[in-house]
Amino acid sequence: WRLACQAHPVSDLRLDLPADSLLGAQRLQVEGLGEMPPLDPPVPATAAAPFGVAVDLGTTKLAIFLVDLRNGVTVASAGVTNPQIAFGEDVISRLAWAAATDGGARRLQQEASQAIAAAITALCAEAGARPDQVAALVVVGNTVMHHLLAGLPTVGLGAAPFAPSWAGPLERRASELGLPAAPGAPVYFAPCIAGFVGGDHVAMLMASGALASDRTVLALDIGTNTEISLCLDGRLISCSCPSGPAFEGAHLTHGMRAAPGAIEAVRLEDDRVTIRTVDGVPARGICGSGILDAVAEMRQAGVIDTRGNLRRDHPLLTEGELILAPAAGGRPPVTVHRRDVLEIQLAKAAIQSGIQSLLAYAGLDPGQLDEVVIAGAFGTWLDVRSAVRIGLLPRLPRERFRQVGNAAGIGARQFLLSRARRQQGEQLASAAEYVELATRADYSARYLRALWL
């Protein structure tokens, strides 16, 4: 085996690509919880163009929805992997690639627009419609994805103070972006809050109703970059945390995305390991929800200590690793190593310290939270009990947590169907208080303490 990026073939050769390295049929979270507003589309349906398209442009995945503007019904939807991932698994690495490569930003824009265009064409075919019947489009995404697709300068996002070149609502023509639609069809980009809190987070807050109450609500959209907002007394206080790709299976010894065969749940009981895999097929790796469970269970069973160190004499360990699934059918065993535990410690510390910093900024303690809203693909599948056990989420009663799936996709459709929701989203984004964690004097110490399990 050789790393392709380090190998230099000097003649013809045959390449064997292991199944674990292929994208495959990844489980992508497309739907979320939320209600559609009363119909008042900014771009009304016409006889020749009765449809609209809403896009949740994520770092890892794209969720695309074809909506009938006459009744608000979603007639087709799809989730696809963001092809930009070939140029970097997170937004920082993509920004660096774009800055170092001639025409790099344009290439990333084309990759995203081509994927969206293909999805629109496929959804129209599925619904018996034509792309030229699409009257309007809405795109929500984190600030980097927003800037890349809209063709905005990204230089300011790559270094402190990580300022967007434009944060307000933005409109482009579908034809400018290479997207199939009716002539002159507009593409509405939802406003951003800050450099790493984008329109997808605004859409999630709108769809989840986090601000539409007199309660104190903490809302998280967990991903490679995690956005966190605290909603209280009419205020919206937000921050972002570079949680990294570990919760998506990256940087782990046997990590993989949530595709068939990925271990998604783990329990350790009576010195016995019990696992559940995606689609119930034989294990071939572990995804984010699985590694979170594994670390929480290892801590509960005393396999690791509060610092994440393994107890070498523990009966569940074999030669310094926890075997989740034995070798079978020519596949190697799926195991958890100390470095895998460290990856989760780093990711959870970023989120935990972000939550603590927002609460401290507002002068609150966790017990004053009425509700914690968890959005995003990883947030859909995580076991809240495991997340609380290792400190990723505040130690609160289970009934105070609400998992809403891809609420950003719901919010994108709300922006497509309602003038009022667009106006509310724009007001929300402009009034938000953004807390830059890196500039807070107490953040480093808080982050280091959060590394403990």
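Being a predicted model, the structure only gives us computed values, none of them experimental.
Counting only heavy atoms from C-beta outward, the side chains of Ile344 and Leu392 never approach each other to under 4.5 Å. Using a 4.5 Å heavy-atom cutoff, the side chains of Val144 and Arg94 are not in contact. Counting heavy atoms from C-beta on, the side chains of Arg389 and Gln300 come closer than 4.5 Å. The closest side-chain heavy-atom distance from Asp56 to Lys61 is below 4.5 Å. Between Pro50 and Leu69, the closest side-chain pair of non-hydrogen atoms is not below 4.5 Å. The shortest distance between side-chain heavy atoms of Leu170 and Leu152 falls below 4.5 Å. In this structure the side chain of Pro164 reaches within 4.5 angstrom of the side chain of Leu157, judged on heavy atoms. When side chains are defined from C-beta on, Leu448 counts as touching Leu451, because their heavy atoms get closer than 4.5 Å.
The main-chain N or O of Gln84 is never found under 3.5 Å from a side-chain atom of Glu111 such that the two would form a donor-acceptor pair. With Lys348 contributing its side chain and Leu393 its backbone, the two residues share no donor-acceptor pair below 3.5 Å. Formation of a donor-acceptor pair under 3.5 Å by the Glu248 side chain with backbone atoms of Gly223 is not found in this model. Looking only at distances, a side-chain donor or acceptor of Arg400 sits under 3.5 Å from a matching main-chain atom of Leu369. For Asp370 (side chain) and Val217 (main-chain N/O), no donor-acceptor pair under 3.5 Å exists by modelled atom type. Side chain of Arg395 to backbone of Gly391: no donor-acceptor contact under 3.5 angstrom is found. Distance alone, capped at 3.5 Å, is enough to place a donor-acceptor pair between the Thr143 side chain and the Ala194 backbone. Within the 3.5 Å criterion, the main-chain N or O of Val266 finds a donor-acceptor partner in the side chain of Asp293. Distance alone, capped at 3.5 Å, places no donor-acceptor pair between the Arg172 side chain and the Val187 backbone. The closest donor-acceptor contact from the side chain of Thr306 to the backbone of Trp452 lies at 3.5 Å or more, if one exists at all.
Using a 3.5 Å distance cut-off with no hydrogens or angles, the side chains of Thr101 and Arg107 do not pair a donor with an acceptor. A donor-acceptor contact under 3.5 angstrom links the side chains of Thr253 and Asp340, judged on distance only. Looking at Thr274 and Glu269, their side chains never bring a donor and an acceptor atom within 3.5 Å of each other. Residues Gln109 and Arg106 bring a donor and an acceptor atom of their side chains to less than 3.5 Å of each other.
By the neighbour-count criterion of 12 heavy atoms within 6.0 Å, atom CZ of Arg272 is sparsely surrounded, having that number or fewer from other residues, nucleotides or ligands. Heavy atoms of other residues, nucleotides or ligands lying less than 6.0 angstrom from CG of Asp313 number more than 12. Within 6.0 Å of atom CZ in Arg307, 12 or fewer heavy atoms from other residues, nucleotides or ligands are found, so the atom counts as exposed in its surroundings.
Shortest non-hydrogen contact noted between Ala135 and Val43 is O-CG1, 3.8 Å. Between Gly308 and Val341 the shortest heavy-atom distance is O-CG1, 3.8 Å. When all heavy atoms of Leu230 and Leu358 are compared, the closest pair comes out as CD2-O, 3.8 Å. Across Val373 and Ser208, no two heavy atoms sit closer than the pair CG1-CB, 4.0 Å. Closest non-hydrogen pair, Ala350 versus Ser353, comes out as O-OG, 3.2 Å. Nearest heavy-atom pair across Gly411 and Ala207 is N-CB, 3.6 Å.
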From CA spacing to verdict: side-chain contact (heavy atoms from CB on, under 4.5 Å), Glu297, Val336: CA-CA 12 Å; Glu297 291 287 305; Val336 177; over 6 Å; no
Evaluate side-chain contact (heavy atoms from CB on, under 4.5 Å) for Leu137 paired with Ile120, printing each intermediate quantity in order. CA-CA 10 Å; Leu137 300 91; Ile120 292 173; 3.7 Å; yes
Worked verdict on Val197 versus Cys239 for side-chain contact (heavy atoms from CB on, under 4.5 Å): CA-CA 7 Å; Val197 182; Cys239 72; over 6 Å; no
Hey, mind stepping through Phe65 and Leu416 against side-chain contact (heavy atoms from CB on, under 4.5 Å) and telling me if it holds? CA-CA 10 Å; Phe65 307 88; Leu416 184 67; over 6 Å; no
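Remark: Arg215 engages Glu371 in a salt bridge (Lys or Arg N to Asp or Glu O under 4.0 Å) (not counting sequence neighbours).
Counting only residues at least two apart or on different chains, the ring pair (Phe, Tyr, Trp, His ring centres under 6.0 Å) pairs with a member in residues 185-212 are His146-Phe189, Phe162-Phe196.
Residue Ile228 holds its CD1 atom at 7.5 Å from CG of Leu437, rounded to the nearest 0.5 Å. Atoms CD and CG, on Gln114 and Leu179 in that order, are 10.5 Å from each other to the nearest 0.5 Å. Between the CE atom of Met204 and the CE atom of Met206 there is a distance of 12.0 Å, given to the nearest 0.5 Å. We find the CG-CZ distance between Leu252 and Arg339 to be 10.0 Å, quoted to the nearest 0.5 Å. To the nearest 0.5 Å, atoms CZ (Phe378) and CD1 (Ile222) are separated by 6.0 Å. A distance of 5.0 Å separates CG in Asn225 from OG in Ser240, rounded to the nearest 0.5 Å.
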What pairs of donor and acceptor atoms, side-chain ones from residues 316-325 against any protein atom, are under 3.5 angstrom apart with sequence neighbours left out?
{"from": "Glu321", "atom 1": "OE1", "to": "His337", "atom 2": "NE2", "distance (Å)": "2.8"}

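Partner Thr60 forms a side chain to side chain contact (heavy atoms under 4.5 Å, CB included) with one of Asp90, Asn82, Thr224 and no other, that one being Thr224.
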